[in-house]
Protein chains: 2
Amino acid sequence: MENSCELCIYRSYLFDNLDKKEFALLTLSKKELEFRKGSIICREGEKIKSFLYLKQGLLKIYKNVDNRREQIIGITKPKDFIGLLSAFNETTHLYSISALEDSSVCVIDIEAIKNLVIKDGSFALNLLGKMSKINDQILGTRLNINLKNLRGRIAYILLMFREIYKSEIYDIPVSRKEIAELIEMRTENVIRILSELRKDKIIRIEGKSIEILDLHRLEQIAEFG
Amino acid sequence: MENSCELCIYRSYLFDNLDKKEFALLTLSKKELEFRKGSIICREGEKIKSFLYLKQGLLKIYKNVDNRREQIIGITKPKDFIGLLSAFNETTHLYSISALEDSSVCVIDIEAIKNLVIKDGSFALNLLGKMSKINDQILGTRLNINLKNLRGRIAYILLMFREIYKSEIYDIPVSRKEIAELIEMRTENVIRILSELRKDKIIRIEGKSIEILDLHRLEQIAEFG
DNA sequence: CGCGGCTTTGATGTTCATCAAGTAAAGTGG
DNA sequence: CCACTTTACTTGATGAACATCAAAGCCGCG
(Lines give C-alpha, C1' and ligand atoms only; values in the text may rest on other atoms or scores of the structure.)
Protein backbone atom coordinates (compact mmCIF):
# COMPACT_ATOMS: atom_id res chain seq x y z
CA MET A 1 0.00 0.00 0.00
CA GLU A 2 2.68 2.44 -0.97
CA ASN A 3 0.20 5.12 -1.97
CA SER A 4 -1.99 5.09 1.08
CA CYS A 5 -0.74 8.45 2.34
CA GLU A 6 -4.16 9.91 1.86
CA LEU A 7 -5.57 7.67 4.56
CA CYS A 8 -2.46 7.46 6.70
CA ILE A 9 -3.34 8.11 10.33
CA TYR A 10 0.24 8.97 11.12
CA ARG A 11 0.30 11.73 8.59
CA SER A 12 1.25 15.15 9.88
CA TYR A 13 -1.27 17.97 9.80
CA LEU A 14 1.42 19.73 7.82
CA PHE A 15 0.18 18.05 4.67
CA ASP A 16 -3.50 18.55 5.32
CA ASN A 17 -3.99 21.71 3.33
CA LEU A 18 -2.33 20.58 0.16
CA ASP A 19 -4.45 20.38 -2.95
CA LYS A 20 -4.85 17.08 -4.79
CA LYS A 21 -2.17 17.73 -7.34
CA GLU A 22 0.42 18.72 -4.79
CA PHE A 23 -0.42 15.78 -2.62
CA ALA A 24 -0.11 13.38 -5.49
CA LEU A 25 3.28 14.76 -6.36
CA LEU A 26 4.46 14.31 -2.81
CA THR A 27 3.13 10.78 -2.62
CA LEU A 28 4.97 9.96 -5.79
CA SER A 29 8.38 10.88 -4.42
CA LYS A 30 7.75 9.13 -1.15
CA LYS A 31 9.07 5.84 0.17
CA GLU A 32 8.50 4.07 3.42
CA LEU A 33 11.51 2.43 5.02
CA GLU A 34 11.87 0.07 7.96
CA PHE A 35 14.83 0.29 10.28
CA ARG A 36 15.75 -2.42 12.77
CA LYS A 37 16.69 -1.46 16.29
CA GLY A 38 20.26 -0.25 16.34
CA SER A 39 20.55 0.48 12.65
CA ILE A 40 21.70 3.84 11.41
CA ILE A 41 19.41 6.06 9.35
CA CYS A 42 21.92 8.70 8.46
CA ARG A 43 25.36 9.84 9.45
CA GLU A 44 26.76 13.23 10.30
CA GLY A 45 28.36 14.70 7.21
CA GLU A 46 26.36 12.72 4.66
CA LYS A 47 24.55 14.56 1.95
CA ILE A 48 20.90 15.35 2.67
CA LYS A 49 18.69 13.83 0.04
CA SER A 50 15.45 13.37 1.87
CA PHE A 51 13.00 14.82 4.23
CA LEU A 52 12.28 12.28 6.98
CA TYR A 53 9.17 11.69 8.99
CA LEU A 54 8.93 9.16 11.81
CA LYS A 55 5.82 7.05 11.46
CA GLN A 56 6.45 4.52 14.16
CA GLY A 57 9.25 3.66 16.57
CA LEU A 58 11.86 5.74 18.35
CA LEU A 59 15.05 7.34 17.09
CA LYS A 60 18.01 9.10 18.61
CA ILE A 61 19.73 12.12 17.11
CA TYR A 62 23.36 12.42 18.08
CA LYS A 63 26.82 13.70 17.34
CA ASN A 64 30.15 11.96 17.73
CA VAL A 65 32.48 13.91 19.94
CA ASP A 66 35.53 11.80 20.71
CA ASN A 67 36.19 8.53 19.04
CA ARG A 68 34.38 6.56 21.67
CA ARG A 69 31.74 8.97 22.90
CA GLU A 70 28.46 10.24 21.54
CA GLN A 71 26.51 13.32 22.44
CA ILE A 72 22.80 12.62 22.13
CA ILE A 73 20.88 15.73 21.10
CA GLY A 74 17.40 14.33 21.36
CA ILE A 75 14.94 11.49 21.06
CA THR A 76 12.40 11.51 18.24
CA LYS A 77 8.86 10.31 18.85
CA PRO A 78 6.37 9.14 16.22
CA LYS A 79 4.90 11.97 14.17
CA ASP A 80 8.07 13.98 14.56
CA PHE A 81 10.04 15.29 11.65
CA ILE A 82 13.63 14.28 11.64
CA GLY A 83 16.65 16.13 10.44
CA LEU A 84 14.50 19.17 10.00
CA LEU A 85 17.22 20.92 11.90
CA SER A 86 19.56 21.17 9.00
CA ALA A 87 17.44 20.23 6.00
CA PHE A 88 17.22 23.77 4.66
CA ASN A 89 20.55 24.99 5.77
CA GLU A 90 23.50 22.82 5.06
CA THR A 91 23.53 20.27 2.33
CA THR A 92 24.96 17.73 4.77
CA HIS A 93 23.47 16.27 7.92
CA LEU A 94 24.80 17.91 11.05
CA TYR A 95 23.78 14.99 13.22
CA SER A 96 23.59 11.24 12.97
CA ILE A 97 20.34 9.39 13.49
CA SER A 98 19.80 5.79 14.55
CA ALA A 99 16.87 3.62 15.62
CA LEU A 100 16.36 2.90 19.31
CA GLU A 101 13.45 0.61 18.46
CA ASP A 102 12.31 -1.00 15.24
CA SER A 103 11.05 2.00 13.34
CA SER A 104 9.15 2.96 10.26
CA VAL A 105 10.20 6.13 8.48
CA CYS A 106 8.58 8.02 5.61
CA VAL A 107 11.16 9.34 3.22
CA ILE A 108 10.27 12.20 0.89
CA ASP A 109 12.65 13.59 -1.66
CA ILE A 110 13.99 16.89 -0.35
CA GLU A 111 13.64 18.58 -3.71
CA ALA A 112 9.93 17.77 -3.76
CA ILE A 113 9.55 19.53 -0.43
CA LYS A 114 11.56 22.51 -1.61
CA ASN A 115 9.40 22.80 -4.71
CA LEU A 116 6.35 22.67 -2.54
CA VAL A 117 7.70 25.47 -0.36
CA ILE A 118 8.22 27.61 -3.42
CA LYS A 119 4.83 26.86 -4.92
CA ASP A 120 2.63 26.78 -1.86
CA GLY A 121 3.13 29.70 0.53
CA SER A 122 0.89 28.48 3.30
CA PHE A 123 2.70 25.17 3.30
CA ALA A 124 5.92 27.14 3.74
CA LEU A 125 4.45 29.08 6.61
CA ASN A 126 3.32 25.88 8.31
CA LEU A 127 6.73 24.39 7.85
CA LEU A 128 8.39 27.45 9.35
CA GLY A 129 6.18 27.09 12.40
CA LYS A 130 6.92 23.40 12.73
CA MET A 131 10.63 23.94 12.41
CA SER A 132 10.59 26.75 14.89
CA LYS A 133 8.79 24.60 17.38
CA ILE A 134 11.17 21.69 17.12
CA ASN A 135 14.18 23.92 17.49
CA ASP A 136 12.74 25.73 20.48
CA GLN A 137 11.96 22.45 22.11
CA ILE A 138 15.41 21.01 21.64
CA LEU A 139 17.16 24.16 22.78
CA GLY A 140 14.80 24.49 25.73
CA THR A 141 15.54 20.93 26.79
CA ARG A 142 19.28 21.44 26.62
CA LEU A 143 19.15 24.61 28.69
CA ASN A 144 16.84 22.95 31.15
CA ILE A 145 18.99 19.90 31.66
CA ASN A 146 22.07 21.96 32.36
CA LEU A 147 20.32 23.76 35.19
CA LYS A 148 19.53 20.52 36.98
CA ASN A 149 21.76 18.43 39.18
CA LEU A 150 22.28 14.77 38.32
CA ARG A 151 19.31 13.49 40.31
CA GLY A 152 17.11 16.02 38.59
CA ARG A 153 18.34 14.94 35.18
CA ILE A 154 17.64 11.28 35.80
CA ALA A 155 14.18 12.12 37.08
CA TYR A 156 13.62 14.22 33.98
CA ILE A 157 14.54 11.35 31.69
CA LEU A 158 12.37 8.86 33.50
CA LEU A 159 9.45 11.27 33.17
CA MET A 160 10.24 11.86 29.52
CA PHE A 161 9.88 8.17 28.73
CA ARG A 162 6.69 8.12 30.78
CA GLU A 163 5.35 10.76 28.40
CA ILE A 164 6.46 8.81 25.37
CA TYR A 165 4.97 5.51 26.50
CA LYS A 166 2.03 7.07 28.35
CA SER A 167 2.59 4.69 31.22
CA GLU A 168 4.30 4.44 34.61
CA ILE A 169 5.62 1.04 33.60
CA TYR A 170 7.86 0.66 30.60
CA ASP A 171 11.02 -0.88 29.22
CA ILE A 172 13.60 1.81 28.85
CA PRO A 173 14.81 1.75 25.23
CA VAL A 174 18.30 3.04 25.92
CA SER A 175 21.34 1.71 27.74
CA ARG A 176 22.71 3.35 30.88
CA LYS A 177 25.50 4.68 28.75
CA GLU A 178 23.03 6.28 26.34
CA ILE A 179 21.14 7.91 29.20
CA ALA A 180 24.44 9.41 30.29
CA GLU A 181 25.11 10.70 26.79
CA LEU A 182 21.68 12.23 26.58
CA ILE A 183 21.84 14.22 29.79
CA GLU A 184 25.54 14.97 29.99
CA MET A 185 26.69 12.77 32.82
CA ARG A 186 28.75 9.61 33.33
CA THR A 187 27.48 6.08 33.07
CA GLU A 188 28.54 5.24 36.62
CA ASN A 189 26.53 8.11 38.01
CA VAL A 190 23.45 7.15 36.01
CA ILE A 191 23.61 3.72 37.63
CA ARG A 192 24.33 5.10 41.08
CA ILE A 193 21.41 7.47 41.01
CA LEU A 194 19.02 4.89 39.59
CA SER A 195 20.03 2.66 42.51
CA GLU A 196 19.44 5.48 44.97
CA LEU A 197 15.98 6.09 43.55
CA ARG A 198 15.24 2.39 43.92
CA LYS A 199 16.42 2.39 47.54
CA ASP A 200 14.21 5.40 48.19
CA LYS A 201 11.24 3.44 46.76
CA ILE A 202 10.64 6.08 44.11
CA ILE A 203 11.12 3.65 41.24
CA ARG A 204 11.33 -0.07 40.70
CA ILE A 205 14.05 -0.97 38.24
CA GLU A 206 15.31 -4.29 37.04
CA GLY A 207 17.44 -4.27 33.94
CA LYS A 208 15.55 -2.36 31.31
CA SER A 209 12.24 -2.61 33.11
CA ILE A 210 11.12 0.56 34.91
CA GLU A 211 8.17 1.28 37.12
CA ILE A 212 7.55 4.69 38.61
CA LEU A 213 6.25 4.12 42.13
CA ASP A 214 6.14 7.65 43.48
CA LEU A 215 5.34 9.98 40.63
CA HIS A 216 4.93 13.01 42.85
CA ARG A 217 8.38 12.76 44.40
CA LEU A 218 9.95 12.04 41.04
CA GLU A 219 8.44 15.21 39.66
CA GLN A 220 9.71 17.12 42.66
CA ILE A 221 13.21 15.79 42.03
CA ALA A 222 13.01 16.68 38.36
CA GLU A 223 12.02 20.20 39.28
CA PHE A 224 14.31 20.97 42.19
CA GLY A 225 17.01 18.31 42.10
CA MET B 1 15.73 58.68 5.47
CA GLU B 2 13.12 56.18 6.50
CA ASN B 3 12.80 54.73 3.04
CA SER B 4 16.43 54.19 2.24
CA CYS B 5 16.20 50.41 2.56
CA GLU B 6 16.92 50.05 -1.11
CA LEU B 7 20.41 51.43 -0.62
CA CYS B 8 20.96 50.16 2.92
CA ILE B 9 24.36 48.54 3.20
CA TYR B 10 23.25 46.62 6.27
CA ARG B 11 20.42 44.99 4.44
CA SER B 12 20.30 41.21 4.50
CA TYR B 13 20.73 39.28 1.25
CA LEU B 14 17.45 37.73 2.26
CA PHE B 15 15.67 40.70 0.72
CA ASP B 16 17.76 40.88 -2.42
CA ASN B 17 15.53 38.84 -4.66
CA LEU B 18 12.28 40.60 -3.93
CA ASP B 19 10.54 42.38 -6.77
CA LYS B 20 9.88 46.11 -6.57
CA LYS B 21 6.34 45.80 -5.38
CA GLU B 22 7.18 43.37 -2.59
CA PHE B 23 10.10 45.46 -1.50
CA ALA B 24 8.02 48.60 -1.37
CA LEU B 25 5.44 46.86 0.75
CA LEU B 26 8.09 45.74 3.19
CA THR B 27 9.67 49.17 3.38
CA LEU B 28 6.29 50.62 4.14
CA SER B 29 5.73 48.49 7.22
CA LYS B 30 9.25 49.06 8.46
CA LYS B 31 10.55 51.27 11.24
CA GLU B 32 14.04 51.84 12.51
CA LEU B 33 14.47 52.06 16.27
CA GLU B 34 17.41 53.08 18.43
CA PHE B 35 18.07 51.35 21.74
CA ARG B 36 20.44 52.72 24.35
CA LYS B 37 22.88 50.37 26.03
CA GLY B 38 21.05 48.44 28.73
CA SER B 39 17.56 49.01 27.42
CA ILE B 40 15.21 46.14 26.81
CA ILE B 41 13.93 45.40 23.31
CA CYS B 42 11.45 42.73 24.23
CA ARG B 43 10.53 40.56 27.16
CA GLU B 44 9.90 36.86 27.46
CA GLY B 45 6.15 36.27 27.25
CA GLU B 46 5.28 39.44 25.35
CA LYS B 47 3.29 39.16 22.18
CA ILE B 48 5.34 39.03 18.98
CA LYS B 49 4.38 41.87 16.69
CA SER B 50 7.52 42.40 14.69
CA PHE B 51 10.30 40.80 12.87
CA LEU B 52 13.59 42.26 14.10
CA TYR B 53 16.84 42.80 12.30
CA LEU B 54 19.97 44.17 13.97
CA LYS B 55 21.52 46.92 11.89
CA GLN B 56 24.16 48.10 14.28
CA GLY B 57 25.20 47.37 17.85
CA LEU B 58 25.13 44.26 19.98
CA LEU B 59 22.27 42.50 21.74
CA LYS B 60 21.90 39.67 24.19
CA ILE B 61 19.15 37.08 24.09
CA TYR B 62 18.32 35.62 27.45
CA LYS B 63 15.87 33.92 29.74
CA ASN B 64 15.15 34.55 33.39
CA VAL B 65 15.59 31.44 35.46
CA ASP B 66 15.41 32.37 39.13
CA ASN B 67 14.39 35.77 40.32
CA ARG B 68 17.91 37.06 40.34
CA ARG B 69 19.62 35.05 37.63
CA GLU B 70 19.61 35.15 33.85
CA GLN B 71 20.53 32.50 31.37
CA ILE B 72 22.04 34.12 28.30
CA ILE B 73 21.29 32.13 25.18
CA GLY B 74 23.36 34.10 22.74
CA ILE B 75 24.82 37.35 21.51
CA THR B 76 23.47 38.92 18.34
CA LYS B 77 25.83 40.63 15.92
CA PRO B 78 24.92 43.21 13.26
CA LYS B 79 23.13 41.73 10.26
CA ASP B 80 21.61 39.03 12.42
CA PHE B 81 17.92 38.42 12.68
CA ILE B 82 16.57 38.50 16.18
CA GLY B 83 13.77 36.54 17.70
CA LEU B 84 13.65 34.45 14.60
CA LEU B 85 13.69 31.55 16.98
CA SER B 86 10.09 31.82 17.93
CA ALA B 87 8.62 34.23 15.38
CA PHE B 88 6.77 31.54 13.47
CA ASN B 89 5.99 29.26 16.29
CA GLU B 90 4.57 30.81 19.38
CA THR B 91 2.77 34.09 19.36
CA THR B 92 4.82 35.20 22.37
CA HIS B 93 8.55 35.73 22.70
CA LEU B 94 10.32 32.81 24.34
CA TYR B 95 13.33 34.91 25.23
CA SER B 96 14.06 38.44 26.32
CA ILE B 97 16.35 40.70 24.36
CA SER B 98 18.33 43.71 25.53
CA ALA B 99 21.04 45.97 24.15
CA LEU B 100 24.65 45.43 25.24
CA GLU B 101 25.69 48.48 23.24
CA ASP B 102 23.76 51.35 21.72
CA SER B 103 21.97 49.60 18.90
CA SER B 104 19.94 50.27 15.83
CA VAL B 105 17.20 47.79 15.01
CA CYS B 106 15.00 47.47 11.94
CA VAL B 107 11.48 46.53 12.88
CA ILE B 108 9.22 44.98 10.27
CA ASP B 109 5.62 44.10 10.95
CA ILE B 110 5.43 40.33 11.39
CA GLU B 111 2.29 40.08 9.28
CA ALA B 112 4.08 41.69 6.36
CA ILE B 113 6.72 38.99 6.55
CA LYS B 114 4.14 36.25 6.82
CA ASN B 115 2.36 37.60 3.76
CA LEU B 116 5.60 37.65 1.92
CA VAL B 117 6.27 34.02 2.85
CA ILE B 118 2.88 33.07 1.47
CA LYS B 119 3.26 35.06 -1.72
CA ASP B 120 6.90 34.54 -2.54
CA GLY B 121 8.09 30.96 -2.35
CA SER B 122 11.76 31.57 -2.88
CA PHE B 123 11.72 34.13 -0.12
CA ALA B 124 10.19 31.46 2.10
CA LEU B 125 12.89 29.01 1.14
CA ASN B 126 15.61 31.54 1.90
CA LEU B 127 14.04 32.29 5.22
CA LEU B 128 13.89 28.60 6.09
CA GLY B 129 17.58 28.34 5.36
CA LYS B 130 18.41 31.39 7.43
CA MET B 131 16.39 30.16 10.35
CA SER B 132 17.89 26.74 10.17
CA LYS B 133 21.35 28.21 10.23
CA ILE B 134 20.74 30.39 13.25
CA ASN B 135 19.23 27.55 15.19
CA ASP B 136 22.03 25.17 14.31
CA GLN B 137 24.56 27.73 15.36
CA ILE B 138 22.96 28.41 18.72
CA LEU B 139 22.46 24.75 19.52
CA GLY B 140 25.99 23.96 18.36
CA THR B 141 27.41 26.63 20.62
CA ARG B 142 25.49 25.37 23.64
CA LEU B 143 26.63 21.79 23.10
CA ASN B 144 30.16 22.95 22.54
CA ILE B 145 30.36 25.04 25.67
CA ASN B 146 29.16 22.21 27.84
CA LEU B 147 31.97 19.99 26.65
CA LYS B 148 34.61 22.48 27.75
CA ASN B 149 36.00 23.07 31.21
CA LEU B 150 35.84 26.56 32.67
CA ARG B 151 39.17 27.72 31.26
CA GLY B 152 38.09 26.57 27.84
CA ARG B 153 34.82 28.46 28.11
CA ILE B 154 36.49 31.72 29.04
CA ALA B 155 38.94 31.32 26.18
CA TYR B 156 36.02 30.65 23.86
CA ILE B 157 34.26 33.84 24.91
CA LEU B 158 37.36 35.97 24.54
CA LEU B 159 37.83 34.60 21.03
CA MET B 160 34.17 35.16 20.23
CA PHE B 161 34.47 38.86 20.98
CA ARG B 162 37.66 38.95 18.97
CA GLU B 163 35.59 37.71 16.02
CA ILE B 164 32.90 40.29 16.62
CA TYR B 165 35.29 43.23 16.91
CA LYS B 166 37.82 41.85 14.43
CA SER B 167 40.61 42.85 16.78
CA GLU B 168 42.87 41.49 19.53
CA ILE B 169 42.17 44.62 21.55
CA TYR B 170 38.65 45.49 22.58
CA ASP B 171 36.41 46.62 25.40
CA ILE B 172 34.35 43.70 26.53
CA PRO B 173 30.70 44.75 26.36
CA VAL B 174 29.46 42.50 29.15
CA SER B 175 29.99 42.34 32.89
CA ARG B 176 31.77 39.44 34.56
CA LYS B 177 28.39 38.32 35.78
CA GLU B 178 27.03 38.29 32.23
CA ILE B 179 29.97 36.26 31.00
CA ALA B 180 29.13 33.76 33.70
CA GLU B 181 25.50 33.67 32.61
CA LEU B 182 26.49 33.17 29.01
CA ILE B 183 28.75 30.18 29.54
CA GLU B 184 27.13 28.57 32.54
CA MET B 185 29.56 29.28 35.32
CA ARG B 186 29.81 31.48 38.42
CA THR B 187 30.94 35.08 38.47
CA GLU B 188 33.75 34.34 40.94
CA ASN B 189 35.21 31.72 38.66
CA VAL B 190 35.05 33.99 35.64
CA ILE B 191 37.16 36.50 37.56
CA ARG B 192 39.53 33.88 38.91
CA ILE B 193 40.23 32.43 35.48
CA LEU B 194 40.63 35.83 33.85
CA SER B 195 43.23 36.58 36.55
CA GLU B 196 44.99 33.29 35.86
CA LEU B 197 45.14 34.06 32.15
CA ARG B 198 46.62 37.45 32.97
CA LYS B 199 49.23 35.91 35.24
CA ASP B 200 50.11 33.47 32.47
CA LYS B 201 50.61 36.45 30.11
CA ILE B 202 47.96 35.16 27.73
CA ILE B 203 45.81 38.24 28.03
CA ARG B 204 46.08 41.75 29.37
CA ILE B 205 42.96 42.80 31.20
CA GLU B 206 42.09 45.94 33.07
CA GLY B 207 38.44 46.51 33.83
CA LYS B 208 36.56 46.14 30.58
CA SER B 209 39.65 46.52 28.44
CA ILE B 210 40.98 43.30 26.95
CA GLU B 211 44.05 42.55 24.90
CA ILE B 212 44.85 39.09 23.64
CA LEU B 213 48.61 38.67 23.94
CA ASP B 214 49.06 35.02 23.05
CA LEU B 215 46.40 34.09 20.52
CA HIS B 216 47.83 30.67 19.86
CA ARG B 217 47.71 29.53 23.46
CA LEU B 218 44.26 31.00 23.91
CA GLU B 219 43.03 28.98 20.96
CA GLN B 220 44.63 25.89 22.44
CA ILE B 221 42.84 26.49 25.73
CA ALA B 222 39.54 27.03 23.95
CA GLU B 223 39.99 23.74 22.15
CA PHE B 224 41.34 21.48 24.87
CA GLY B 225 40.64 23.28 28.13
C1' DC C 1 27.24 60.64 51.06
C1' DG C 2 25.43 56.27 51.49
C1' DC C 3 23.35 52.52 49.14
C1' DG C 4 23.39 48.77 45.99
C1' DG C 5 25.52 46.36 42.47
C1' DC C 6 29.95 44.89 40.45
C1' DT C 7 34.63 43.13 41.24
C1' DT C 8 38.14 40.65 43.58
C1' DT C 9 40.53 37.19 46.68
C1' DG C 10 40.64 33.56 50.03
C1' DA C 11 38.73 29.62 52.53
C1' DT C 12 35.61 25.79 52.61
C1' DG C 13 32.43 22.28 50.91
C1' DT C 14 29.93 19.51 47.56
C1' DT C 15 29.19 17.41 43.50
C1' DC C 16 30.55 14.82 40.17
C1' DA C 17 34.32 12.53 37.12
C1' DT C 18 37.71 9.26 37.28
C1' DC C 19 39.92 5.01 38.49
C1' DA C 20 39.67 0.27 39.74
C1' DA C 21 37.65 -4.18 39.92
C1' DG C 22 34.30 -7.51 39.53
C1' DT C 23 29.86 -9.62 37.77
C1' DA C 24 26.53 -10.32 34.31
C1' DA C 25 24.96 -10.43 29.61
C1' DA C 26 25.50 -10.62 24.77
C1' DG C 27 27.68 -11.36 20.64
C1' DT C 28 31.48 -14.31 17.83
C1' DG C 29 33.92 -17.89 15.84
C1' DG C 30 35.41 -22.61 15.82
C1' DC D 1 26.98 -25.58 21.44
C1' DC D 2 30.73 -24.07 24.07
C1' DA D 3 34.91 -21.33 24.89
C1' DC D 4 36.19 -16.72 24.08
C1' DT D 5 35.78 -11.86 23.67
C1' DT D 6 33.61 -7.88 24.10
C1' DT D 7 30.24 -4.83 25.90
C1' DA D 8 27.03 -3.53 29.53
C1' DC D 9 26.22 -3.09 34.35
C1' DT D 10 27.37 -2.33 39.23
C1' DT D 11 29.77 -0.75 43.60
C1' DG D 12 33.37 1.46 46.18
C1' DA D 13 37.25 4.60 46.85
C1' DT D 14 39.62 8.83 45.59
C1' DG D 15 40.47 13.33 43.90
C1' DA D 16 39.71 17.33 41.02
C1' DA D 17 36.83 20.80 39.51
C1' DC D 18 33.73 23.83 40.55
C1' DA D 19 30.04 26.16 43.66
C1' DT D 20 29.28 28.45 47.74
C1' DC D 21 30.28 31.43 51.54
C1' DA D 22 32.52 35.38 53.48
C1' DA D 23 34.68 39.84 53.49
C1' DA D 24 36.41 43.90 51.65
C1' DG D 25 37.33 47.52 48.07
C1' DC D 26 35.43 49.93 44.19
C1' DC D 27 32.34 52.56 41.39
C1' DG D 28 28.31 54.90 39.83
C1' DC D 29 24.02 57.00 40.98
C1' DG D 30 20.20 59.08 43.21
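In what follows, every chain begins at residue 1, and chains take the letters A, B, ... in the order their sequences are listed.
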Going through the checks in order, is the side-chain contact (heavy atoms from CB on, under 4.5 Å) test met by M131(A) and I134(A)? CA-CA 5 Å; M131(A) 221 173 89; I134(A) 293 174; 6.0 Å; no
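- Here dT10(D) presents its P atom at 13 Å from CD1 of I193(A), a figure rounded to the nearest Å.
- By the side chain to side chain donor-acceptor pair (under 3.5 Å) test, S209(B) is found to be paired with R204(B), residues two or more places apart in sequence or in another chain being considered.
- The ring pair (Phe, Tyr, Trp, His ring centres under 6.0 Å) check on F224(A) picks up nothing, with sequence neighbours excluded.
- We find that CE of M185(A) is positioned 17 Å from C1' of dA17(D), with the value rounded to whole Å.
- Distance CG (L150(A)) to P (dC18(D)): 14 Å, rounded to an integer number of Å.
- For the pair K177(A) NZ and dT7(D) C1', the interatomic distance rounds to 9 Å; values are reported in whole Å.
- Heavy-atom distances under 4.0 Å link DNA chain D to no residue of residues 152-159 of chain A.
- Between R36(B) and D102(B) a salt bridge is recorded (basic side-chain N to carboxylate O distance below 4.0 Å).
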Shorter than 3.5 Å, N or O on both sides, protein versus nucleotides 11-13 of chain D: list them out with atom names.
residue, atom, partner, partner atom, Å
dT11(D), OP2, S195(A), OG, 2.7
dG12(D), N7, R192(A), NH1, 3.0

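- Direction of the helix axis in the helix from dC1(C)-dG30(D) to dG30(C)-dC1(D) shifts by 50° between the two five-pair termini, rounded to 10°.
- D214(A) places none of its side-chain heavy atoms less than 4.5 Å from the side chain of K201(A).
- Against DNA chain D, the stretch residues 202-211 of chain B makes no heavy-atom approach under 4.0 Å.
- Pairs passing the side chain to side chain donor-acceptor pair (under 3.5 Å) check and including a residue from residues 134-145 of chain B, sequence neighbours excluded, read N89(A)-D136(B), R142(B)-E184(B), N144(B)-K148(B).
- Applying the ring pair (Phe, Tyr, Trp, His ring centres under 6.0 Å) definition to pairs two or more places apart or across chains, none involves residues 59-78 of chain A.
- In this structure, K60(B) and V174(B) have side chains that are not in contact, with every pair of non-hydrogen atoms separated by 4.5 Å or more.
- Judged as a ring pair (Phe, Tyr, Trp, His ring centres under 6.0 Å), and not counting sequence neighbours, the contacts of F81(A) are F51(A), Y53(A).
- With sequence neighbours left out, the side chain to side chain donor-acceptor pair (under 3.5 Å) criterion links E44(A) to no other residue.
- The shortest distance between side-chain heavy atoms of I154(B) and E196(B) does not fall below 4.5 Å.
- A salt bridge does not link K77(A) with E163(A): none of the charged nitrogens is closer than 4.0 Å to a carboxylate oxygen.
- By the 4.5 Å heavy-atom criterion applied to side chains, I221(B) and L197(B) are counted as neighbours.
- Residues passing the side chain to side chain donor-acceptor pair (under 3.5 Å) test with E111(B): none are found, sequence neighbours excluded.
- Between E168(B) and R162(B) there is a side-chain heavy-atom pair separated by less than 4.5 Å.
- With a cutoff of under 4.0 Å to any heavy atom of chain B, the contacted region of DNA chain C is bounded 5' to 3' by dG5(C) to dA11(C).
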